[in-house]
Novice: 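One structure, as structure tokens, below. Some questions next.
Note that the structure is a prediction, hence the values are computed from the model and not measured. When a ligand or atom number is given, it counts from 1 through the structure's own listing order. Keep in mind that the numbers below use all heavy atoms, side chains included, and drop hydrogens, waters and symmetry copies.
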Amino acid sequence: MDRGIGILETAEHLRNYYWLSRRSIKILAGWFLRFRSYETKYKLAYHLYDTSEHVSWLLDRLGEMRGGNPNASIRPELKELMEAVLSAPSDNAFLAGYYGVLQRSLIAAIKSDIEKMDTSGNANEIRILGRVLEDLESQRNWFDSLGLEWENSKWVGYLQQYVAFIGGLHGSDERESRPEDPEGMAFSRPSRILFDERIQIGPLESYESRSSMERQQATIEQFKVFFNEFYAAALLAGVLFDASDEDYPWALLADFSRHFWDEARHSEFGSIRLRELGCEPGRINPVLFEESHGLPVLHRIAYLTRGLEAYFMPRKGKRFKEYESSGDHRSQFFADQDWSDEINHVRYGNKWVEYLLQDDHRDLDDILQEVKDHLAKVRKQPVESIDAPF
Ligand SMILES: [Fe+2]
Ligand SMILES: [Fe+2]
């Protein structure tokens, strides 16, 4: 008889889920840069995009609800919890904290809501939470498949105790005592993208030298450049990390979450195709990412979308046709997906550079000039144009 959760309580729960998801974007972006295994980086990128969709669905529903202001009365304890999850002391501690503790609490809370909800009265929420739950369970299954022995670490104990201390995600459970904060908890945006020992950092073949190679070797070198799109994903991870703490419209983070995921996928295309061609991915040249570390969000967006992606664009159609005429349909397939995605990326760049330059005395050319001035300082030599060494 008592089924159903009223609007105010539902709005409060959705707001908590919204907020946890929104902060998860920052956490996943930060750990994308820091986590050493590149296969796990790909997973984090897929999960970040899932999470960005969850934020959009939750915000849409909150916008329709009485008492649905998404930013009203988020408990400071939830903010602290997410700072703690971000500040994990090691790669495996991060996985244990994020997937083992936080996500399991989220899955349990959402399931408990759905069980209490009325299939007609709460139909809107059941629909959204059901979809979120499906994604979270598939992420959890991936984490479980790693077979880590994660339950008994000090870090996991700390986070579990913290969740109990704040009375669960909604603050409505009985509260336990506050755990002692572990020492040295802090996380700042990494200025380098980390990899494990399988990946060497170093230069790639230039476009000109690839163009004069015989076909098979040129294709391998080309997919090494795909694998290297980690540099673009890293640049966007930095943008998402920083933008999470600033007052940008959600639509900007949503677009760049998508862009970020696309670049991680393009790198994944590289790893898949290299293996098919009998070659293990083994090299990254992160220079374009590292040189941009000190630039503001606007400049990094303009540099990538209106500088670098515009620079690479003329190669895309040409490459697609070369694979077609040589009958390499598998390479052509990946080149096709990449080309199509790139058109969107330039579109995102146009839209958000224009938005961010509203009421500014500068235009795009001024921003790109400021980028070149920055690069000249970093490289200690004049920079006339935006280009890439590969
Ligand atoms: Fe790309
Ligand atoms: Fe792109």
Novice: Please enumerate all residues that pass ring-ring contact (aromatic ring centres under 6.0 Å, His included) together with W261, with sequence neighbours excluded.
Specialist: Y46, Y49
Novice: Check K224 with E221, please: is the shortest side-chain N to carboxylate O separation under 4.0 Å?
Specialist: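 So E221 pairs with K224 through a salt bridge.
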Novice: Mind telling me whether Y99 and H47 have parallel, tilted or perpendicular rings, with 30° and 60° as the class edges?
Specialist: perpendicular
Novice: Quick check for you: within a radius under 2.8 Å, how many protein N, O or S atoms neighbour the Fe ion (ligand 2)?
Specialist: 5
Novice: Considering residues at least two apart in sequence or located in another chain, which fulfil the ring-ring contact (aromatic ring centres under 6.0 Å, His included) criterion with Y18?
Specialist: none
Novice: Mind checking what makes ring-ring contact (aromatic ring centres under 6.0 Å, His included) contact with F35, not counting sequence neighbours?
Specialist: none
Novice: Looking at E324 and K321, does any basic side-chain N land under 4.0 Å from a carboxylate oxygen?
Specialist: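 No, this pair does not count.
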